[in-house]
Number of protein chains: 2
Amino acid sequence: MSTTNELASRQVESHGHRLTEPRRAVLDAIVVAGGAFTVEELCAAVPAVGRATVFRTVKLLQESGVICRLSLDDGSVRYQLSHGGHHHHLICNACGAVDEFRDSDLDALIDRNARDHGFDVSSHSIELYGRCRDCAATALPGETASVVRV
Amino acid sequence: MSTTNELASRQVESHGHRLTEPRRAVLDAIVVAGGAFTVEELCAAVPAVGRATVFRTVKLLQESGVICRLSLDDGSVRYQLSHGGHHHHLICNACGAVDEFRDSDLDALIDRNARDHGFDVSSHSIELYGRCRDCAATALPGETASVVRV
DNA sequence: TTATGTGCAAAGATTTTGCACAAGT
DNA sequence: ACTTGTGCAAAATCTTTGCACATAA
């Protein structure tokens, strides 16, 4: 935890922001959360820090690349500690767990599609929704992993 | 326009929903909008229809697959007429235009990644952000299309 | 006729802002 | 010191809900 925290702290400072007490507290709460969280949950976890500051800190951390925004299946928004650079998400609809993955072939294919459309891509986001390994294991025997496109 | 509208209407009815006057009005406004829109814009376009009904209709159309939700780069939400089945989006940050594309290789690669992680995918969403063909053409000569990952 | 849908206004939920005060460097 | 950040409470958004009335099939 302290390692993650130090990394994040440095990242905040390198973006020209002060490392204040409230920000440390929010950062700690995020690390403790251990997974995806809402601003609401953060506020509850750090009651000493004002609501507005939590929102401001979340935005700041997002811009510093410390956390990333998750768009859930149902349209709700959550955030999560970013475990590195460019990546995509595997979001479990059952337990809420969020895993990351990266695949340069996938990224290359994305770029090709963009090029084919004369589109100048600056970024992209990919989110997979379904059930994580653990939740899939809990599935009934007959329930084969089927792919239903939306 | 009438064609699009009839298709959508049928789609609404096939989902067991009545085709009411307010719903027709909202549908018309969506077709007239011609691109991505917000609920707010719809409300303004169809002042005769109550705000709540516009929200309810948008949700209904979304569930019927008539329109799809777009998560913009900045986190804001827009909707757009869906031009068919499974597809992905090319969202222009400059003019707001939204194009669609589909690529089965891409989808296959997505599925492979999921499998590699023991993840049971039920759906996925891919959004590319950048500049559309037209806006890219407006770019300054020196500005080569560079790919900056987020 | 009768299940569905609608409008309105109020309630919720979520996020931002203004401003006086506090704190980091 | 002096810039940057914070707390609070109010405001601005955005979305949903309760309920009496209207309407499509």
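Since this is a predicted model, take the numbers as computed values, not measurements. Just so it is clear: chains get the letters A, B, ... in the order the sequence lines come, proteins before strands, and each one is counted from 1.
For the pair A:Asp74 CG and C:dA13 C1', the interatomic distance rounds to 14 Å; values are reported in whole Å. Going from atom CZ of A:Arg56 over to atom P of C:dT14 covers 19 Å, rounded to whole Å. Following rounding to the nearest Å, B:Arg18 (CZ) and C:dT4 (P) show an atom-to-atom distance of 7 Å. Computed from coordinates, the A:Arg51 CZ to C:dT17 P distance equals 16 Å when rounded to whole Å. Between A:Arg24 atom CZ and C:dG24 atom C1' the separation is 11 Å, expressed in whole Å. Atoms CG (B:Leu19) and P (C:dG5) sit 11 Å apart, rounded to a whole Å. Taking atom NZ on A:Lys59 and atom P on C:dT15, their separation rounds to 10 Å, with Å as the unit. If you measure from atom CD of A:Glu41 to atom P of C:dA13, you get 15 Å, rounded to the nearest angstrom.
In summary, the side chains of A:His87 and A:Asp103 do not present any donor paired with an acceptor at a separation below 3.5 Å, with no hydrogens or angles considered.
Proximity of B:His17 to the phosphate of C:dG5: a side-chain N or O atom is located under 4.0 Å from OP1 or OP2. When the side-chain nitrogen and oxygen atoms of B:Arg23 are compared with OP1 and OP2 of C:dT6, one or more of them lie within a distance under 4.0 Å.
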For this session: Give the C-alpha distance, both sets of side-chain angles, the deciding distance and a yes or no for side chain to side chain donor-acceptor pair (under 3.5 Å) between B:Asp107 and B:His88.
Result: CA-CA 10 Å; B:Asp107 293 338; B:His88 305 300; 3.1 Å; yes

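Projected onto DNA chain C by closest heavy-atom contact, A:Val39 and B:Ala48 fall at different nucleotides, the more 5' of which corresponds to B:Ala48. Along DNA chain D, the nucleotide nearest to B:Ala52 and the one nearest to B:Glu13 differ in position, and the one closer to the 5' end is contacted by B:Ala52. Residue-to-nucleotide proximity on DNA chain D shows that, of A:Gly50 and B:Thr20, the 5′-proximal contact is made by A:Gly50.
Within the 4.5 Å cutoff, side-chain heavy atoms of B:Asn93 are placed close to those of A:Ser122. Side-chain contact between B:Arg18 and B:Glu13 is absent, with no heavy-atom pair separated by less than 4.5 Å. Two residues are said to be in side-chain contact when any heavy atoms from C-beta on lie closer than 4.5 Å; B:Leu128 and B:Ile91 fail this criterion.
Aromatic rings from B:His124 and B:His86 are positioned such that their centres are separated by under 6.0 Å.
Counting non-hydrogen atoms under 4.0 angstrom, B:Val49 reaches the backbone sugars and phosphates but no base. Note on A:Ala25: nothing from the nucleic acid sits closer than 4.0 angstrom, heavy atoms only.
Counting 5' to 3', DNA chain D first comes under 4.0 angstrom of a heavy atom of chain B and last does so at the ends given by D:dT15 to D:dA25.
Ion pair A:Asp111/A:Arg115 not flagged as a salt bridge, since none of the NZ, NE, NH1 or NH2 atoms sits closer than 4.0 Å to an Asp/Glu carboxylate oxygen.
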